[in-house]
Amino acid sequence: MSRLTTRYLGLELRTPLVASAGPYTRTPESALRLQEAGASAIVMPSLFEEEVAREQDELSRALDQGSESFAEALNYFPALAAVESTAERYLASVSEMKQRLDIPVIASLNGTSPGGWAYFAGEIEQAGADALELNLYRIAADPAQTGAAVEERDVEVVRRVRQATRLPLAVKISPAYSALANHAVRLIEAGADGLVLFNRFYQPDIDPDSREVIPRVSLSEPWELRLPLRWLAILRPLSAGRACLAASSGVASGVDVAKALLVGADVAMTTSALLRHGREHLATMERELMAWLDANEYFTVEELRGSVSYAASDDPAAFERANYLRVLRSWNPPNELTTRPQLP
Ligand SMILES: Cc1cc2nc3c(=O)[nH]c(=O)nc-3n(C[C@H](O)[C@H](O)[C@H](O)COP(=O)(O)O)c2cc1C
């Protein structure tokens, strides 16, 4: 056991630095380079059920057309059989990653139907993944659906997947729930072994000239870590001994990893920083984390974990509402404003 050894989803990891789902975890070649740079585990990009469903629709349409002309259909079927589907490619990729990597491979799934989530979870287990992350990414745009119904659906997904697989299960959620602490506890009770805080929503842009909606991915900035930090601190005592926690969003340096661990994360995940600085940035982050531990006289990451969480903090209110006032008052106006008379 080394100074950085960590447990996440029941897996023993060399360090708390995990490469989250993104372009660099897509192929075995790229994942190998992440491993060389020091990733202690990788999360593969999500298998999207809607993509699989769209492909199946196109296939059935093609078969329907083919069946209208028998001679043509005879030529058509062997060619179709040879085409690998998105789901098959994904599962083959899971198996190949497992064969070629020494570090744990966490697959990721984004489903649309409760049955779909459960079915593919079973397939991913068969393919040999070490764990599964459920990517619960949805925009609650239906005015007929209540917050409680949205949450219940997520809980039901976790319950169904829990029944369908024995794989360790992480659930990646967004911060956009009205009662996040309650929802997080319900997800754990439904069978989540870990929570990943948080998924980032990608806001589409509008091209004013063409009037088209343009999908835009912007990489995160380090300040975005503050939202996960608050919720990690609040959820740490609620999840202790029942589920582990991962920080995701804005983790860009070794000091960011230390901050995430201080408030109670078991691992810190990163994507944007690697896309910005290259896969080798993982090695830099590990060196920075070690330097931080030395400078602050912690021997292992275990010692610092959770020491600033909501339960352990001298000032738990710092994570809650009282902090609001302090934050607003903490803003120092630029010089030209400081000469104005103070409001009472
Ligand atoms: C180009 C790109 C692709 C991504 N693909 C996925 C994905 O397939 N599944 C998923 O759960 N998250 C995906 N993410 C989100 C990341 O895993 C991560 O949660 C998010 O970028 C926040 O972390 P960061 O601040 O370190 O980038 C993607 C992010 C980027 C930038």
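We count ligands from 1, going down the list as the structure has it; atoms in each ligand are counted the same way.
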Q: Check whether NZ of the Lys or CZ of the Arg R3 lies under 6.0 Å from the centre of the six-membered ring of F299 and within 45 degrees of that ring's axis.
A: yes

Q.
Residues around ligand 1, heavy atom under 4.0 Å from any ligand atom, sorted by chain and number. Can you pull those?
A. S20, A21, G22, P23, P45, S46, N135, K172, R200, Y202, V217, S220, S248, S249, G250, T270, T271, S272, L275

Q) Between atom NE2 of H281 and atom OG of S253, what is the distance when rounded to the nearest 0.5 Å? A) 6.5 Å

Q. Between R242 (side chain) and A192 (backbone), is there a donor-acceptor pair under 3.5 Å?
A. no

Q) What's the shortest heavy-atom distance between F120 and A87, and which atoms? A) CE2-CB, 3.9 Å

Q) salt bridge (Lys or Arg N to Asp or Glu O under 4.0 Å) between R153 and E156: does it pass, once the steps are laid out? A) CA-CA 5 Å; R153 194 160 183 269; E156 184 55 24; over 6 Å; no

Q. Parallel, tilted or perpendicular: which describes the rings of H183 and Y177, with under 30° parallel and over 60° perpendicular?
A. tilted

